[in-house]
Number of protein chains: 2
Amino acid sequence: MKKNVTLNDIAQKLNVSVGLVSLVLRGKWKENRISEEMAKKVNKAAKDLGYKPNAMAQALRTGKSKIIGLIVADIANPFYGKIARIIENEAYNKGYQVIFGSSDEDLCKFEKVVEAMKSRQVDGLLVVPVIGSHEVLQAIQESNIPTISIDRYLTDAKLPYVVTDNYKGSYDIGLYLQQKGYQNIAFITKESPLSNFIERNKGFEQSMKDTGINYQKHALSVDNWNEELVQLIRDMDTSKVDAIYFAQNMLAVEGLKTVNALHSDELDKLAIISFDNPEIFEINRPTITCYQQPLQVLAEKAVQELINSIESKQSKDISLKIEGKLIIRQSC
Amino acid sequence: MKKNVTLNDIAQKLNVSVGLVSLVLRGKWKENRISEEMAKKVNKAAKDLGYKPNAMAQALRTGKSKIIGLIVADIANPFYGKIARIIENEAYNKGYQVIFGSSDEDLCKFEKVVEAMKSRQVDGLLVVPVIGSHEVLQAIQESNIPTISIDRYLTDAKLPYVVTDNYKGSYDIGLYLQQKGYQNIAFITKESPLSNFIERNKGFEQSMKDTGINYQKHALSVDNWNEELVQLIRDMDTSKVDAIYFAQNMLAVEGLKTVNALHSDELDKLAIISFDNPEIFEINRPTITCYQQPLQVLAEKAVQELINSIESKQSKDISLKIEGKLIIRQSC
DNA sequence: TTGTAAGCGTTATCAA
DNA sequence: TTGATAACGCTTACAA
């Protein structure tokens with residue numbers, strides 16, 4: 001039962017004041033004209049006693065917790081897991097810690113998590129906004145906690161965001177399909193008011209228009225897409241389709257599951273392409289061609305922007321759309 | 001730029017003392033004989049002003065941060081992502097928040113994360129220990145931060161743990177292989193000093209002994225398993241093997257990648273079974289039979305045990321080994 | 001060059 | 001039934 005070492009302990013041991021110790025330990029001894037000799041003594045004592053600053057006390061005093069909150073849809077989803085990983089790294093490097101929560105795409109949970117984080121005095125927030133969350137997010141902004149949307153953004157909230165260029169990505173997929181000579185595309189997507197789907201849908205439809213390719217759009221409902229998808233693939237008229245485009249990893253994964261389970265020669269002949277790049281795509285037979293989101297850049301930029309606006313208090317409303325890249329494999 | 005509402009704000013508005021407000025807001029007004037009328041007024045004012053307690057101040061004052069630290073190998077790995085998700089839920093339900101870090105199986109990083117968490121005054125720690133971390137973990141124990149190992153444990157540290165019964169799982173896989181009539185198993189595992197591999201290896205070897213099945217053990221090195229695995233599968237003498245057992249999801253995933261890429265009729269004839277149950281197993285052709293770890297129970301128990309020992313200060317050294325279950329699919 | 005003291009928002013102990 | 005006040009560990013403006 002070792003008690004934590006405090007500034008006071010160090011001060012007492014050396015018979016100096018806590019203020020002095022504090023200044024030295026934060027490297028401010030030079031500008032406060034503290035003798036180098038003193039500085040050395042203090043540093044040594046701190047090391048000897050194994051001093052670790054109490055982050056809570058620092059936070060309380062300075063009003064900066066050095067914690068950033070991360071709210072994703074579901075940390076168990078590898079897509080968000082990867083993002084979380086990069087964010088964590090970047091944040092640690094800058095002296096911040098990450099506290100996370102999953103929203104499950106549920107507004108109510110999202111709000112709860114936001115509240116919890118606010119009361120933890122997070123310095124800033126990185127959020128994957130859920131449907132209907134604009135009010136909550138607006139409120140955070142007003143309480144002066146820098147917040148950045150990642151992965152998607154809400155058109156009705158004026159939050160800065162860092163996202164993939166979904167429009168371009170989806171448009172490029174269309175172009176690629178044209179280049180490969182496909183004529184009839186089954187476009188499987190979701191009917192969602194969230195920016196990522198809106199833009200993927202727009203982008204693809206535009207490129208279909210521009211290239212003149214036939215396509216059928218299947219916009220599944222957000223909360224029942226799973227069953228609808230299975231049905232859709234079961235009923236697919238393979239004589240009228242030569243390629244399937246899944247607009248999201250979850251769609252593709254469930255889709256492949258169904259396709260593989262059906263073992264139908266007809267289905268197997270179809271070309272497949274998808275947004276996102278889950279690990280399965282490298283294992284499936286055939287391996288799946290896809291548009292990979294620039295997760296590394298995206299997450300890094302998001303953290304950098306966030307920390308910038310935390311530390312400089314000037315919320316320059318910079319939003320970014322970053323391009324991903326097509327990864328060509330066997331399926332298409 | 002709204003400032004946060006404090007107890008003081010409420011107190012001033014009502015012309016009462018902060019102490020009074022504090023007591024009411026924490027539901028202690030009854031045992032402190034505060035008038036119900038007063039209590040109501042205070043609660044109302046708190047709600048009106050939108051009061052949110054400052055967790056930092058509470059933490060500083062009470063010495064309890066209500067934060068638990070979670071250290072996994074890599075949050076981007078869906079296996080740990082899933083665990084994190086369950087832990088998060090369970091913790092939130094009990095009023096705790098989760099701060100996480102990834103060790104990358106690197107002792108140095110592990111130690112850094114631990115330090116960061118200690119200085120955040122975490123109330124407790126859930127860790128996936130890395131090789132060589134017994135000293136750090138011992139040190140945490142001594143500084144009186146309840147800590148529980150999950151997923152695996154170190155034989156040379158006396159930390160409580162909550163893990164899958166790896167021995168039993170691996171043993172049962174052997175039994176299942178016997179039942180299905182396989183005669184020559186390629187057992188692909190890692191040569192690791194960590195409990196999970198030790199026990200999976202022991203369990204399987206024992207069951208091979210008990211059943212009298214032939215097997216060849218390929219214990220890959222911890223830091224170069226990837227390349228060794230590819231080589232191993234490439235060179236596999238399929239005439240001498242009728243089934244492969246992968247002792248871990250990462251091994252299986254890379255293994256399947258290689259097998260699928262080789263497209264060899266010989267390899268395709270082999271039965272496959274694996275420890276763990278990543279999503280790919282449901283998509284692969286054939287779908288993969290495996291032993292699924294009881295993640296839900298495991299993570300829940302871990303959180304419960306941890307919070308118990310945080311709140312009751314009595315560190316009853318309860319460790320748990322929980323059984324998973326065999327999921328039978330097409331591959332075996 | 002160093003010490004003193006106020007204060008961050010709470011909680012808890014007394015006193016009134 | 002309620003109010004004053006010290007304390008948690010730290011930072012910082014000001015005094016010495």
Side-chain angles (χ1 to χ4, degrees), chain A residues 3-43 45-46 49-67 95 118-123 143, chain B residues 2-43 45-46 49-67 95 118-121 123 143:
Chain A
K3 254 204 79 234
N4 273 332
V5 182
T6 72
L7 285 184
N8 209 339
D9 297 333
I10 303 179
Q12 294 207 330
K13 174 169 175 180
L14 298 177
N15 264 312
V16 294
S17 73
V18 270
L20 192 259
V21 177
S22 171
L23 286 176
V24 172
L25 258 29
R26 283 176 318 117
K28 307 222 166 201
W29 57 276
K30 212 124 198 195
E31 59 261 50
N32 284 74
R33 290 174 296 170
I34 290 168
S35 70
E36 185 159 1
E37 178 191 27
M38 185 76 246
K40 276 187 182 150
K41 273 210 304 201
V42 171
N43 278 317
L49 295 178
Y51 171 74
K52 294 283 160 213
N54 181 322
M56 296 291 164
Q58 286 181 314
L60 181 59
R61 178 60 233 246
T62 61
K64 315 265 83 204
S65 65
K66 291 280 191 173
I67 294 183
K118 273 184 68 176
S119 94
R120 284 283 169 221
Q121 316 299 121
V122 293
D123 287 343
S143 60
Chain B
K2 264 189 305 199
K3 255 205 75 236
N4 273 333
V5 182
T6 72
L7 287 183
N8 209 341
D9 298 332
I10 302 178
Q12 294 206 331
K13 174 169 176 182
L14 298 178
N15 265 312
V16 294
S17 73
V18 269
L20 191 259
V21 178
S22 172
L23 286 176
V24 171
L25 257 32
R26 284 176 311 121
K28 308 220 166 205
W29 58 276
K30 213 127 198 193
E31 58 261 52
N32 284 73
R33 290 173 298 166
I34 290 168
S35 70
E36 186 159 357
E37 180 191 26
M38 186 76 248
K40 276 187 182 150
K41 272 209 307 201
V42 172
N43 277 318
L49 295 178
Y51 171 75
K52 292 283 160 213
N54 182 321
M56 296 291 165
Q58 287 180 315
L60 181 58
R61 180 59 235 243
T62 60
K64 315 266 83 205
S65 65
K66 289 281 189 175
I67 293 183
K118 272 183 68 174
S119 94
R120 284 282 169 223
Q121 317 297 122
D123 287 342
S143 61

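This structure is a prediction, so every number in the text was calculated from the model and none was measured. So you know, we letter chains A, B, ... as the sequences are listed, proteins then strands, and number each from 1.
Taking atom CG on A:Leu20 and atom P on D:dC10, their separation rounds to 15 Å, with Å as the unit. B:Leu7 places its CG atom 15 Å from the C1' atom of D:dA4, with the value rounded to the nearest Å. The NZ-P distance, from B:Lys28 to D:dG3, rounds to 19 Å in whole Å. Straight-line distance from the CG atom of A:Asn32 to the P atom of C:dG3: 13 Å, rounded to whole Å. What separates CG of B:Leu14 from C1' of D:dG3 is a distance of 14 Å, to the nearest Å. Regarding B:Lys30, its NZ atom lies at a distance of 11 Å from the P atom of D:dT1, rounded to whole Å. Rounded to whole angstrom, the span from the CZ atom of A:Arg33 across to the C1' atom of D:dA13 amounts to 14 Å. Summarising the geometry, the separation between CG on A:Asn8 and P on D:dA7 is reported as 12 Å, rounded to the nearest angstrom.
Looking only at side-chain heavy atoms (C-beta outward), A:Asn4 and A:Asn54 stay at 4.5 Å or farther from each other. A heavy-atom distance below 4.5 Å is not found between the side chains of B:Val5 and B:Lys13.
Checked against C:dT10, D:dT2, D:dG9, the side chain of B:Asn54 finds its nearest nucleotide in C:dT10. Counting only heavy atoms from C-beta on, B:Gln58 has its side chain closest to C:dT10 among C:dT2, C:dT10, D:dT2. Among C:dT1, D:dT5, C:dA5, the nucleotide with an atom closest to any side-chain atom of B:Val18 is D:dT5. For B:Ile34, taking side-chain heavy atoms from C-beta onward, the closest of the listed nucleotides C:dT10, D:dC10, D:dT2 is D:dT2. In this structure, of C:dA12, C:dG9, C:dG3, it is C:dG9 that holds the atom nearest to the side chain of B:Leu60.
The CG atom of B:Asn32 sits 4.5 Å away from atom CG of B:Leu23, with the distance rounded to the nearest 0.5 Å. Distance CG/B:Asn15 to CG/B:Leu20: 11.5 Å, rounded to 0.5 Å. With values rounded to the nearest 0.5 angstrom, B:Leu7 atom CG is found 6.5 Å from B:Leu25 atom CG.
Within 4.0 Å of B:Asp9, counting heavy atoms only, lies no atom of the nucleic acid at all. Here B:Met38 lies in heavy-atom contact (under 4.0 Å) with sugar-phosphate atoms only.
Contact check, A:Arg26 against D:dT12: a side-chain N or O comes under 4.0 Å of OP1 or OP2. Note on A:Ser17: a side-chain N or O is less than 4.0 Å away from OP1 or OP2 of C:dG3. The phosphate of C:dC8 has neither OP1 nor OP2 within less than 4.0 Å of any side-chain N or O from A:Thr62. Dashed line: the shortest gap from a side-chain N or O of A:Ser35 to OP1 or OP2 of C:dT2 is under 4.0 Å.
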